[in-house]
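Worth saying up front: this structure is predicted, and the values here are computed from it rather than measured. Count residues from 1 along the sequence.
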Amino acid sequence: MEVVLGVGGGIAAYKAALLLRLMKEAGHGVTVVPTDNALRFVGAPTWEALSGRPVRTDTFTDVPEVSHVRLGREADLVVVAPATADLLARTAAGMAPDLLGNVLLTATCPVVLAPAMHTEMWRHPATVANVALLRERGVHVIEPDSGRLTGADSGPGRLPEPARIWAEAQDAAARAGGRAGREAAVTAAEPGAASPLAGRTVVISAGGTREALDPVRFLGNRSSGKQGTALAEAVLAAGARVRFIAGPMSVAPPAGTEVTAVESTQELLEAVLSEAADADVLIMAAAVADFRPAQVATSKIKKTDDGGAPTIVLERTPDVLATAVQTRDAGGPMAPVIVGFAAETGDEHTTPLEYGRAKLARKGCDLLVVNEVGDGKVFGQDATEVTVLSADGAEPVTRTGSKAEAAAAVVEALERVLASREAGGAPGR
Ligand code: CTP
């Protein structure tokens, strides 16, 4: 289809270059129409090189071609990313000071706006009213993400990841029917196009846990958080929103996710029950402590003169994954699709996979990602081997390679589960 990609004058304009690449890779013709301010962030040569087409911002170039009306009329889909507060206001008011304004006034095809701005601007009554008016008129305004903004501030206002914008734009085109809808439906069936995860909310727990012994000491583990981070990146790339629950970890939480930091298993349990209550998928990649000190000293445990050492008595921690499954099975507020992880070693009688199958049945989750551990494998390493076991009887899938490749195997299994539930009418959304 013929797509017009409008680019507003915000720092997130650089992300539109990735969006343009997704559109081109899907085989569409794309004309980029930046505003003058957008060109202060990313220059015309970038847009021309990536789109293979000339770039104009005003209505006085190539006047005989009447591009100020032709582009809008001929487009099958118009996507604006980032849409600044000012651009939303002008669009709501029907103003057309430049070529993009003219395109937006003449387009009869689906129009998708992806806002990006500071939280104060997004929440300003003027912006709220403009967004409501645009939505009333049938414009698809994407909810911005929450997270780090340009300065030190964070909150709602981030431009969503390009994959989510593209997934929502294709959905809008498909809903509109006509040529754009048919073509969007065709690309959606092709690899790399809209995933069943697009537009969903996925909660991922990652990292380890720390169980306090006293105000300064804890029992912890060596989880790096790399697998959970790779998963978040793969899920984001499939067009979903990610709520990332981060236990202590050695890598930074992935950009573009809403991060909740936790420390103990109890905090993790509370975060999972609240974040996953209205989510579509819960992935428990965190390495959770199975035991914690039964007593937490309120002041630092001191050495005694007799040279003795204290005995630490442990108790079991709550099983977060099992609690999530029970909540869901009792009809409570919980993501309908739940994924567990298992670190397994084999012994002379039983293989790691046999242990994994037994754990899948015991835990009651939909997918179990089995990691074979021991000999320094997995924890903190960059390479891994995973086998994804499915409760619905699908063949297990084994993938060896980077944690990104392991994450891709999990995402593929999830997509299969979501697609088959949608086809079977089971609750998946
Ligand atoms: N898990 C959890 N709450 C716990 C312990 C584990 O939610 N208190 C989750 C982990 O996030 C992971 C899965 O359960 O998704 C791992 O299950 P677990 O039974 O702990 O397996 P292992 O750690 O492999 O240990 P074991 O075989 O000893 O049970």
V370/Y355 under side-chain contact (heavy atoms from CB on, under 4.5 Å): CA gap, chis, key distance, verdict: CA-CA 9 Å; V370 181; Y355 278 125; over 6 Å; no
Side-chain donor/acceptor of S420 to backbone N/O of V417, under 3.5 Å: yes
Qualifying residue, where the test is side-chain contact (heavy atoms from CB on, under 4.5 Å) with F244 and the options are I204, V202, L231, L236: I204
Spacing of E233 atom CD and E161 atom CD [to the nearest 0.5 Å]: 9.5 Å
Nearest heavy atoms of A81 and A16, plus distance in Å: O-CB, 3.3 Å
Within 6.0 angstrom of R137 CZ, more than 12 heavy atoms from elsewhere: yes
All side chain to side chain contact (heavy atoms under 4.5 Å, CB included) counterparts of A406, not counting sequence neighbours: Q227, T384, V386
Main-chain N/O of E120 paired with H118 side-chain donor or acceptor, under 3.5 Å: no
Rounded distance (nearest 0.5 Å) linking atom CG of L105 with atom OG1 of T91: 8.5 Å
Validation row: L269, V272 side chains within 4.5 angstrom (heavy atoms): no
Exceeds 12 heavy-atom contacts within 6.0 angstrom, atom CZ of R316: no
Carboxylate-amine/guanidinium proximity below 4.0 Å for R328 and D366: yes
Residues forming a salt bridge (Lys or Arg N to Asp or Glu O under 4.0 Å) with D329, sequence neighbours excluded: none
Polar side-chain atom of W47 near backbone of V42 as donor-acceptor pair, under 3.5 Å: yes
Rounded distance [0.5 Å steps], CG in L353 versus CG in L389: 6.0 Å
Steps toward side-chain contact (heavy atoms from CB on, under 4.5 Å) verdict (E372, T345): CA-CA 6 Å; E372 209 179 316; T345 51; over 6 Å; no
Spatial distance of atom CG (L87) from atom CG (L104) [nearest 0.5 Å]: 7.0 Å
Sub-4.5 Å side-chain heavy-atom contact between K15 and I165: no
Donor-acceptor contact below 3.5 Å, side chain R158 vs main chain A116: no
Closest approach of V7 to P82 (non-hydrogen atoms, all atoms of both residues): CG1-CD, 4.0 Å
Shortest non-hydrogen separation from L282 to A324 and the atoms involved: CD2-CB, 3.6 Å
Chi angles and distances behind the side-chain contact (heavy atoms from CB on, under 4.5 Å) call for T229, M249: CA-CA 10 Å; T229 303; M249 44 192 252; 3.6 Å; yes
Full working for side-chain contact (heavy atoms from CB on, under 4.5 Å) between T84 and M121: CA-CA 9 Å; T84 58; M121 296 186 188; over 6 Å; no
Heavy-atom pair with the smallest gap, counting every atom of E275 and D278: O-OD1, 3.7 Å
Positive for side-chain contact (heavy atoms from CB on, under 4.5 Å) with D280, one of L418, T201, V203, V337: T201
From C109 atom SG to M1 atom CE, the distance as rounded to the nearest 0.5 Å: 9.5 Å
Over all atoms of both residues, closest heavy-atom pair of N221 and G208: OD1-CA, 3.5 Å
Nearest heavy atoms of A83 and L88, plus distance in Å: CB-CD2, 4.1 Å
Heavy-atom neighbours of R73 CZ exceed 12 at 6.0 Å: no
D145 side chain reached by P156 side chain, heavy atoms, under 4.5 Å: no
Under 3.5 Å side-chain donor-acceptor pair for H28 and E2: no
Side chain to side chain contact (heavy atoms under 4.5 Å, CB included) partners of P215, counting only residues at least two apart: none
Side-chain heavy atoms of R164 within contact of R241, under 4.5 Å: yes
Qualifying residues under side chain to side chain contact (heavy atoms under 4.5 Å, CB included), relative to S51, sequence neighbours excluded: L20, V32, R53
Side-chain donor-acceptor contact under 3.5 Å, Q326 with T323: no
E143 side chain reached by P115 side chain, heavy atoms, under 4.5 Å: no
Lys/Arg N to Asp/Glu carboxylate O, D319 vs R362, below 4.0 Å: no
E415 side chain to S195 side chain, donor-acceptor N/O pair below 3.5 angstrom: yes
May I have the list of side-chain donor-acceptor pairs in residues 289-302 shorter than 3.5 Å, sequence neighbours left out?
{"unit_1": "R292", "atom_1": "NE", "unit_2": "E315", "atom_2": "OE2", "d": "2.9"}
{"unit_1": "R292", "atom_1": "NH2", "unit_2": "E315", "atom_2": "OE2", "d": "3.4"}

Polar side-chain atom of E354 near backbone of T351 as donor-acceptor pair, under 3.5 Å: yes
R21: salt bridge (Lys or Arg N to Asp or Glu O under 4.0 Å) partners, not counting sequence neighbours: E25
4.5 Å side-chain heavy-atom contact, L268 and S205: yes
Gap between atom OG1 of T108 and atom CD of E74 - 0.5 Å precision: 10.5 Å
M284 and C365, any side-chain heavy atoms less than 4.5 Å apart: no
Residue pair P318 / T265, side-chain heavy-atom distance below 4.5 Å: yes
